[in-house]
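Whatever order the structure lists ligands and atoms in, that order sets their numbers, starting from 1. The structure displayed is predicted, hence computed values, not measured ones.
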Amino acid sequence: MSSTPTFTVIGHRGARGHAPENTLLSIDTAIGLGAHWVEFDVQHHADELWLMHDLRLDRTTNGRGLLTDCDAETLRRLDAGNGEPIPTLRDALDLIEQRVGVNIELKSWNGCAAAVAACLRDYLAEGWPASKLMVSSFHLPELWEFKQLLPEVPLGVLYCGVPLDWAGLAGELGARVLNISAEFVDTKLIADAHARGLKLNVYTVNDPEDLKLMRALGVDGVFTDYPDRALAL
Ligand code: G3P
Ligand code: MG
């Protein structure tokens, strides 16, 4: 990003509306469409960080069963759509080459904070600015662990609902952003996030009217499968 946009368009799982989710093609499509940031999901297994949303391979690949039941060689050979392989975190970062911000979502029922921190430490050492990275999760203890390991990388708290202490839980973690499901967006929550110096983004918004509404409500950004629709506002 050359300048900070007032309404941040985050390509969800790349540009999932245009290409198979969480693939390099999807990420590259999102960047080509002009997304300011790209989001993708990572899971840790067999000493690798795989871009994969589900625990099971069935919905998004030609594999069957649990990701964690496959060895790395088998995972590398799977088709994640349009002949695209399941990328690793390093594959994705090498493709992106700092062109846009990168939101890495920890899908960590078996834990991936330490592996992601080790990987990002290498990229920071190579000159990636921490400001172009964001690590987010619904799993707040994983975010806490990540923060202890690599405090310079900003955190985003994911929440599907309206927390009892409004945006307080993000502040408690030292996160910069609260990411809320679109069905729970709430003007008081937006105001509370802003009063605490936090940004509030909403996922996943695809309908042009909904995108317009989110912007009118004053949210800071949206995760969308169609970055082009959000950018057309
Ligand atoms: O990070 C926003 C969004 O991706 C969270 O939900 O299920 O699409 O990973 P999910
Ligand atoms: Mg996600």
Could you check which of R16, H53, E21 puts a non-hydrogen atom nearest to atom 10 (P) of ligand 1?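 Considering heavy atoms of R16, H53, E21, the nearest to atom 10 (P) of ligand 1 sits in H53.
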Under 3.5 Å, is there a donor-acceptor pair linking the side chains of [X] and [Y]?
{"X": "Y123", "Y": "D94", "answer": "yes"}
{"X": "H12", "Y": "N206", "answer": "no"}
{"X": "D41", "Y": "H53", "answer": "no"}
{"X": "D225", "Y": "H18", "answer": "no"}

Do ligand 1 and T204 have nitrogen or oxygen atoms that lie under 3.5 Å from each other?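 The answer is no, given that T204 and ligand 1 share no N or O pair closer than 3.5 Å.
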Atoms of ligand 1, numbered as shown, that sit under 4.0 Å from any heavy atom of [X]:
{"X": "R13", "result": "7 (O), 8 (O), 10 (P)"}
{"X": "F138", "result": "5 (C), 6 (O)"}
{"X": "E39", "result": "1 (O), 2 (C), 3 (C), 4 (O)"}

If the contact criterion is a heavy-atom separation under 4.0 Å, does D41 count as touching ligand 1?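 Yes; D41 lies near enough to ligand 1 that a heavy-atom distance drops under 4.0 Å.
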Sub-4.0 Å heavy-atom contact, L158 with ligand 1: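 A heavy atom of L158 does come that close to ligand 1.
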Closest approach of E172 and W144, non-hydrogen atoms and distance?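 What the structure gives for the nearest pair is O-CZ3, 4.3 Å.
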